Amino acid sequence: MRRPGRSRYTGRTRTGAGVRLRPMPELPEVETVRRMIAGVVVGARVASARAIRRAYVIGSATPRALLADGVIESVRRHGKQLAIVADDGRSLGVHLGMTGGLRVLAPGEPTPGHTHVEWDVETDSGHRRVVMADARRFGGVWTFASFEELRRRRWATLGPDALSIPDDEFADRLGRTRRAVKAALLDQRLLAGVGNIYADESLHAAGVHPGHPSARLSRARARRLGRAIRWTLDRAIAAGGSTVRDYRDPTGVEGAFAAAHAVYGRAGAPCLRCGRRLRSGVISGRTTVWCGSCQRGPDSRRA
DNA sequence: AAATGGACCTGGTGGC
DNA sequence: TGCCACCAGGTCCATT
């Protein structure tokens, strides 16, 4: 039942009592991970911590550096980056890469494959094991003595978060680069949080061709794209929150999350707005899907 | 400045 | 069934 080119959204999902966080690393998924992890660990004491694969941790990988004996004060996010902050300031930077995921295991649940770091936390409702698993290991865990240091070393180069950037600032930033607008959206220094899926989805929602030179978008269209990004991310967070928990079996009904995609993974299928076949190509080194009819660009004849 | 291509890794999929 | 090429949500680097 899969359409050609359809992405594998189901990820790795199993039944079980534990809270499962599927590895899916764009802003809405990272935000979903943040909320779920925060709900479990904020206020909890870290009884022990351990790096199973030393190289996955950047910086000191001692139990203390990994927050052992600390109490988790907050779990924060900027773009696709996470920070887990203890009440004495010790902080972990967490990046999920392509396949990374934080998971809260149910009691007795076996350690998932590709687990590189594990924590034992004492929550109000008892002990929980939290693990970081990442098959491809593009992600990582960074250790810092303070959140300020984390911010300086890990977040300083990131642009404003895509969820909270004002439209005017977004338009200003787009106006400063002549790259294809899709390349601009993927540049985390310009805007933090948008990845390949949401770049395509937002561009379609705004009616902007991915190859349109960024600085040549009108102010109105740039602002419109900014609104489209927020609209798309907000919807994805809402849908992601429900999809992560509720297992959908791979042969049956699609989750709300996948169903929400207008273009990503739908190359060759009809545009949901105008019915024409969606096109695909490579822009900025990434597979890109767009509607040559709905998305106005600099070169609509080849679109 | 920006485009391209490769590297980093593993696993799933589809073709033969 | 097996083997193999290809592809994947993200960065990071070297080269043009």
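Chain letters run A, B, ... following the sequence lines, proteins first and then strands; every chain starts at 1. Values below: every heavy atom of this structure, side chains too, minus hydrogens, waters and symmetry copies. Keep in mind that what you see is a predicted model, and the values were worked out from it rather than measured.
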C:dA8 base / A:Arg136 side chain donor-acceptor hit below 3.5 Å
yes
Once you round it to whole Å, what is the distance between [atom2] of [N] and [atom1] of [X]?
{"X": "A:Leu96", "N": "C:dG10", "atom1": "CG", "atom2": "P", "answer": "11 Å"}
{"X": "A:Tyr56", "N": "B:dC8", "atom1": "OH", "atom2": "C1'", "answer": "13 Å"}
{"X": "A:Leu190", "N": "C:dG10", "atom1": "CG", "atom2": "P", "answer": "16 Å"}

Would you indicate, yes or no, if [N] has its OP1 or OP2 atom less than 4.0 angstrom from a side-chain nitrogen or oxygen of [X]?
{"X": "A:Arg137", "N": "B:dT10", "result": "yes"}
{"X": "A:Thr177", "N": "B:dA2", "result": "yes"}
{"X": "A:Thr99", "N": "B:dG11", "result": "no"}
{"X": "A:His114", "N": "B:dG11", "result": "yes"}
{"X": "A:Tyr264", "N": "C:dG9", "result": "yes"}

Side-chain donor-acceptor pair under 3.5 Å between A:Arg276 and A:Ser293, yes or no?
yes
Please indicate yes or no: is the ring centre of A:Phe138 less than 5.5 Å from the centre of the six-membered base ring of B:dC9, with the two planes inclined by under 30 degrees?
no
Go along nucleotides 11-16 of chain C 5' to 3' and tag each nucleotide: B for a protein heavy atom under 4.0 Å from its base, S when only backbone or sugar atoms are that close, - otherwise.
S-----
Indicate the ring-plane relationship of A:His95 and A:Trp142, choosing parallel, tilted or perpendicular according to the 30° and 60° boundaries.
perpendicular
Residues two or more places apart in sequence or in another chain: which of them pass salt bridge (Lys or Arg N to Asp or Glu O under 4.0 Å) with [X]?
{"X": "A:Glu118", "value": "A:Arg50, A:Arg129"}
{"X": "A:Glu73", "value": "A:Arg76"}
{"X": "A:Asp172", "value": "A:Arg219"}

Would you call A:Asp200 and A:Arg286 a salt bridge, using N to O less than 4.0 angstrom?
no
Between the side chains of A:Arg152 and A:Glu148, is the shortest nitrogen-to-carboxylate-oxygen separation below 4.0 Å, so that they form an ion pair?
no
For DNA chain C, write out the stems as range with range, using runs of 3 or more consecutive Watson-Crick or G-U pairs with both distances under 3.5 Å.
B:2-8 with C:10-16, B:10-16 with C:2-8
Could you walk me through whether A:Arg77 and A:Asp161 pass the salt bridge (Lys or Arg N to Asp or Glu O under 4.0 Å) test, one step at a time?
CA-CA 9 Å; A:Arg77 180 192 60 75; A:Asp161 188 80; 2.7 Å; yes
Tell me every residue that passes ring pair (Phe, Tyr, Trp, His ring centres under 6.0 Å) with A:His78, counting only those two or more places apart in sequence or in another chain.
A:Trp155
Interatomic distance at P, C:dC4 relative to B:dC9, whole Å:
22 Å
With P as the reference atom in both, quote the distance from C:dC6 to B:dG5 in angstrom, rounded to an integer.
15 Å
